[in-house]
Amino acid sequence: MGLTDEVIVRRKNWLQFASEDEERLRDLDGLAQNYSDSVIEELYENILATPEGRAFFHSPEILEKVKRMQNAYFRELTLGEYDAEYVEKRLKVGIIHERIGLDPRLYLAAYNFYMKAVGRRIVEAYKDLSKAMATYESLKKLIFLDIGLTSDAYLYARER
C-alpha cells in the first residue's frame, strides 16, 4: 500500500503525534485496563440499538468474538508502541472490515462513541484537568491516525 516507515512518520508529524503523546498513552494504559470491558459493553449496546447493528451482529457467538477482538484492538491504543507492526495490524482491520461488509460509517460511529466514553473516564480519573485534556488529545491524534490507516485499507481492498 506504499506505507513506508517514512510515510508513517510523515503522517504522525501531520497529526503532531510525538513521543510525549506516546508517553501519555502509556500512562493511560492502567486506567484503560480498568475501563476497557465496560466501554466495550456500552459500545455494543449502542451499536445493537440500531437496525444496522442488529442486522450485522445477528449471531450471539459472533458478537462475543467481535467484542473480544474489539477489546484487544482498543487495548493496543494505550500500549505506547506505534511502529510498523501497529500500522500493519490497523491496515488488516480495515481490509477485514471491507471484506466482511462492515459499513465504514459504523466503524466511524463506533470510534466516536469510544472517544466520548473514554473521554469521560479520563476526566473523572485525572485530578489535573490540563493533564486529562492533554491525554485525551494524544488519544485523539492516535485515533485519527488509525482512521486514516483503516480508510486507506478500505479503499485499497475495494480497488483490488
Checklist entry - Closest heavy-atom contact between A132 and V123? => result CB-CA, 4.1 Å

Checklist outcome for this item: Closest non-hydrogen contact found for G94 with T150 is CA-CG2, 3.5 Å

Checklist entry - Under the side-chain hydrogen bond (donor to acceptor under 3.5 Å, both in side chains) criterion, do Y114 and N46 qualify, and how do the steps go? => result CA-CA 10 Å; Y114 171 83; N46 182 267; over 6 Å; no

Checklist entry - Is there a donor-acceptor pair closer than 3.5 Å between any side-chain N or O of S38 and the backbone N or O of Y35? => result yes

Checklist outcome for this item: Between L145 and R11 the two heavy atoms that sit nearest each other are CD1-CB, 4.0 Å

Next on the checklist: Would you say V9 ends up clustered with L15 if hydrophobic residues are merged whenever their side chains have heavy atoms under 4.5 Å apart, either directly or through other cluster members?
Outcome noted: no

Checklist entry - When rounded to the nearest 0.5 angstrom, what distance separates CZ in R90 from CG in D152? => result 14.5 Å

Checklist entry - Quick one: do L106 and L155 end up in the same hydrophobic cluster if we chain Ile, Leu, Val, Met, Phe, Trp and Tyr together by side-chain heavy atoms under 4.5 Å apart? => result no

Checklist entry - Which word best sums up how the rings of Y44 and F57 line up, parallel for under 30°, tilted for 30 to 60°, or perpendicular for over 60°? => result perpendicular

Item to check | Residues R10, E6: salt bridge by 4.0 Å N-O rule | outcome: yes

Next on the checklist: Working note: K65 + E61, criterion side-chain contact (heavy atoms from CB on, under 4.5 Å); need CA distance, chi angles, decisive distance, verdict.
Outcome noted: CA-CA 6 Å; K65 180 181 178 183; E61 295 81 18; over 6 Å; no

Item to check | Within-4.5 Å side-chain heavy-atom neighbours: L149 and L3 | outcome: yes

Next on the checklist: Does any part of the side chain of E98, heavy atoms only, come nearer than 4.5 Å to the side chain of Y156, both counted from C-beta?
Outcome noted: no

Checklist entry - Backbone N or O of Y82 within a donor-acceptor pair of the K12 side chain at under 3.5 Å? => result yes

Checklist entry - Could you go step by step and tell me if Y73 and D146 meet the side-chain contact (heavy atoms from CB on, under 4.5 Å) rule? => result CA-CA 11 Å; Y73 177 83; D146 278 17; 3.7 Å; yes

Checklist entry - About how many Å separate CG of N71 and CD of E41, when rounded to the nearest 0.5 Å? => result 9.0 Å

Checklist entry - Is the charged tip of R120 near the ring of Y136: under 6.0 Å from the six-membered ring centre and within 45° of its axis? => result no

Next on the checklist: Show, in sequence, the C-alpha distance, side-chain angles and deciding distance for I143 and M115, and conclude whether the side-chain contact (heavy atoms from CB on, under 4.5 Å) test is met.
Outcome noted: CA-CA 9 Å; I143 300 297; M115 288 298 295; 3.4 Å; yes

Checklist entry - According to a 4.5 Å side-chain heavy-atom criterion applied to Ile, Leu, Val, Met, Phe, Trp and Tyr, with indirect links allowed, do L129 and L28 form part of one hydrophobic cluster? => result no

Next on the checklist: Return the OG to CD distance between S59 and E64, rounded to the nearest 0.5 Å.
Outcome noted: 10.0 Å

Checklist entry - V7 and Y86: same hydrophobic cluster, using ILVMFWY side-chain contacts below 4.5 Å? => result yes

Next on the checklist: Using a 6.0 Å cut-off, check whether atom CG of D5 has over 12 heavy atoms from anything other than its own residue.
Outcome noted: no

Next on the checklist: Is any side-chain heavy atom of K89 closer than 4.5 Å to one of V93?
Outcome noted: no

Checklist entry - After noting the C-alpha distance and the side-chain angles of Q33 and D29, does the key distance pass the side-chain hydrogen bond (donor to acceptor under 3.5 Å, both in side chains) rule? => result CA-CA 6 Å; Q33 288 180 35; D29 190 54; 3.2 Å; yes

Next on the checklist: Applying a strict under-4.5 Å side-chain criterion to I, L, V, M, F, W and Y, I'd like to know whether V87 and M69 cluster together.
Outcome noted: no

Checklist entry - Are R24 and E137 within salt-bridge range, i.e. N to O under 4.0 Å? => result no

Checklist entry - Can you tell me how far NZ of K131 sits from CD1 of I122, rounded to the nearest 0.5 angstrom? => result 11.0 Å

Checklist entry - Taking all non-hydrogen atoms of both residues, which atom of S138 and which atom of D21 are closest, and how far apart? => result OG-OD1, 2.6 Å

Checklist outcome for this item: In this structure, CD of E81 is separated from CG of L25 (nearest 0.5 Å) by 11.5 Å

Next on the checklist: To check you understand the geometry: which heavy-atom pair defines the closest contact between Y126 and L31, and what is its length?
Outcome noted: CE1-CD2, 4.0 Å

Checklist entry - If you look at every heavy atom in F17 and K141, which pair is closest and at what distance? => result CD1-CB, 3.8 Å

Next on the checklist: Taking the side chain as everything from C-beta on, heavy atoms only, tell me whether I147 gets closer than 4.5 Å to L108.
Outcome noted: yes

Checklist entry - So does R26 pair up with E23, basic N to acidic O under 4.0 Å? => result yes

Next on the checklist: Could you measure the distance from the CD atom of E45 to the CD1 atom of I40? Nearest 0.5 Å is fine.
Outcome noted: 11.5 Å

Checklist entry - Angle class for the Y111/F74 ring planes (parallel below 30°, perpendicular above 60°, tilted otherwise)? => result tilted

Next on the checklist: As a quick check of understanding, evaluate side-chain contact (heavy atoms from CB on, under 4.5 Å) for D103 and F56, giving each step before the final call.
Outcome noted: CA-CA 10 Å; D103 188 325; F56 197 81; over 6 Å; no

